[in-house]
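Counting from 1, the numbers follow the sequence of the chain as shown. Keep in mind the model is a prediction, meaning the values are calculated, not measured.
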Amino acid sequence: MTAAQPFTDRVVSHLRLADHRLRTSEPGSSRRRYSICRMTMHNITQVDSFYVGFFHGDDMLVIPYIFDHDRSLQPDITKFSRRGPSYWVRSSGKPYVYSEDDGALLSRTILFGNEDEITLDAVIVPLKEPDTGEVVGLMSIQSLTAGVYDDEVVAATTWLGEALMLAQARDQHVGTSGDSLYAAHPELNSARSSNPEERFKLVSEQLEWARRRATELTHRSEQLRDEVLVRESGELRMTLEQVQVDLAEWMLSSKTTGDGLEEISPPRADLTAREHEIAAMIASERLSNGQIAERLGISLKTVKTHVGNILSKLGVGQRSAIVFAMADLLAQPPEHTAGRDPGHDLGHDLGHDLGHGPAAAGPVSDTGS
């Protein structure tokens, strides 16, 4: 299907509804927009996995939204290589379609979701800035069934990605007209704010709200046994998912400079070779202290000491924050590691996209990629 060919009536109805929902979405409602895109493609074709990711630097992808079947996965940051589909889509500006290379590029991925499942069809479309045409991210659909994504599905996914980016762009341009409420005081336009401190406060407020709600639901669960609890616990889940999206997107804006925004200081790069190695295992592989001790052949106590030093040097208080704090530093192995086995570095020094299913068994699906 080419750009000049019309969509079928069924696809038109779903895309028109998505267009309306994206146009009327509230400023800053990124997660809702991603959900609109996922459900639209689910209504058009078979979608077993779905993700939205945005590029950060030369080889990192921030992934604020991932779904495996009907399960929301934790937002993530991954390093991708020049051999995978992320790089190809970014450099070419064109969609990656599984059928064009029988999944060859997609097979160069790391795992996510159910590792026993293997993707047999996929479409990955570029997300472009409407004003400049720059490829800033990716949106992908994957299927466990072969041959389900035809030319119309590729065209529909591409169009939906453009509609999503137009909706996102309105957040940046809202209130810029001469007679706008924000013309005289653009600093009051909350939709355009990317000040890290302000965003951190907003996320903290959301977390506090969720904490209070969780406490209330805990007390009520002792008394209620009906659909009220189900509904309210669902609201809590949605809030926590929104917080996860906000945290991932904060990573995208954390290096912003100009317009009165301050650049956040990068993590201290004075990690020892061993600390860098352990930080990479935590950030890229999510290994526990026990797993790290077993792999490196050192005691659990020694690992805990290293982790404590890493947290102190990176200026973070929780182990889970290492992946965000190390996003840039992990891409550059320290000089101390020269001559060390490259297999211990993030992505085995090759860089990877996120995938789904055992790569050795064949092509896989791709979250980051």
Tell me, do [X] and [Y] make a side-chain contact under 4.5 Å, heavy atoms counted?
X: Leu120; Y: Tyr98; answer: yes
X: Asp121; Y: Thr145; answer: no
X: Leu166; Y: Glu162; answer: no
X: Ile292; Y: Ile282; answer: yes
X: Ile118; Y: Leu144; answer: no
X: His56; Y: Leu61; answer: no
X: Tyr96; Y: Leu105; answer: yes

Looking only at side chains, do [X] and [Y] share a donor and an acceptor under 3.5 Å apart?
X: Ser72; Y: Tyr65; result: no
X: Gln46; Y: Asp48; result: yes
X: Ser25; Y: Arg33; result: yes
X: Thr119; Y: Glu117; result: no

Donor-acceptor pair, [X] side chain versus [Y] backbone, under 3.5 Å?
X: Thr305; Y: Lys301; value: yes
X: Arg90; Y: Asp58; value: yes
X: Gln291; Y: Ser288; value: yes
X: Asp59; Y: Phe80; value: no
X: Lys128; Y: Gly93; value: yes
X: Arg10; Y: Ile44; value: yes
X: Glu275; Y: Thr272; value: yes
X: Tyr149; Y: Gln142; value: yes
X: Asp68; Y: Arg71; value: no
X: Glu129; Y: Val135; value: no

How far apart are the closest heavy atoms of [X] and [Y], and which atoms are they?
X: Ser86; Y: Leu138; answer: OG-CD1, 3.4 Å
X: Pro64; Y: Gly53; answer: CD-CA, 4.1 Å
X: His69; Y: Arg38; answer: O-NH1, 4.3 Å
X: Met139; Y: Leu164; answer: SD-CD2, 4.4 Å

Side chain to side chain donor-acceptor pair (under 3.5 Å) with Ser299: which residues, sequence neighbours excluded? Thr302
Do Phe50 and Tyr34 have ring centres separated by under 6.0 Å? no
Are [Y] and [X] co-members of a hydrophobic cluster defined by side-chain heavy atoms under 4.5 Å apart?
X: Leu22; Y: Met39; result: no
X: Val12; Y: Ile36; result: yes
X: Leu17; Y: Ile141; result: no

Quick check on Asp101: does its CG atom have over 12 non-hydrogen neighbours (other residues, nucleotides or ligands) under 6.0 Å away? yes
Taken in chain and number order and not counting sequence neighbours, the residues that satisfy salt bridge (charged side-chain N to carboxylate O under 4.0 Å, His left out) with Arg23 are Asp19
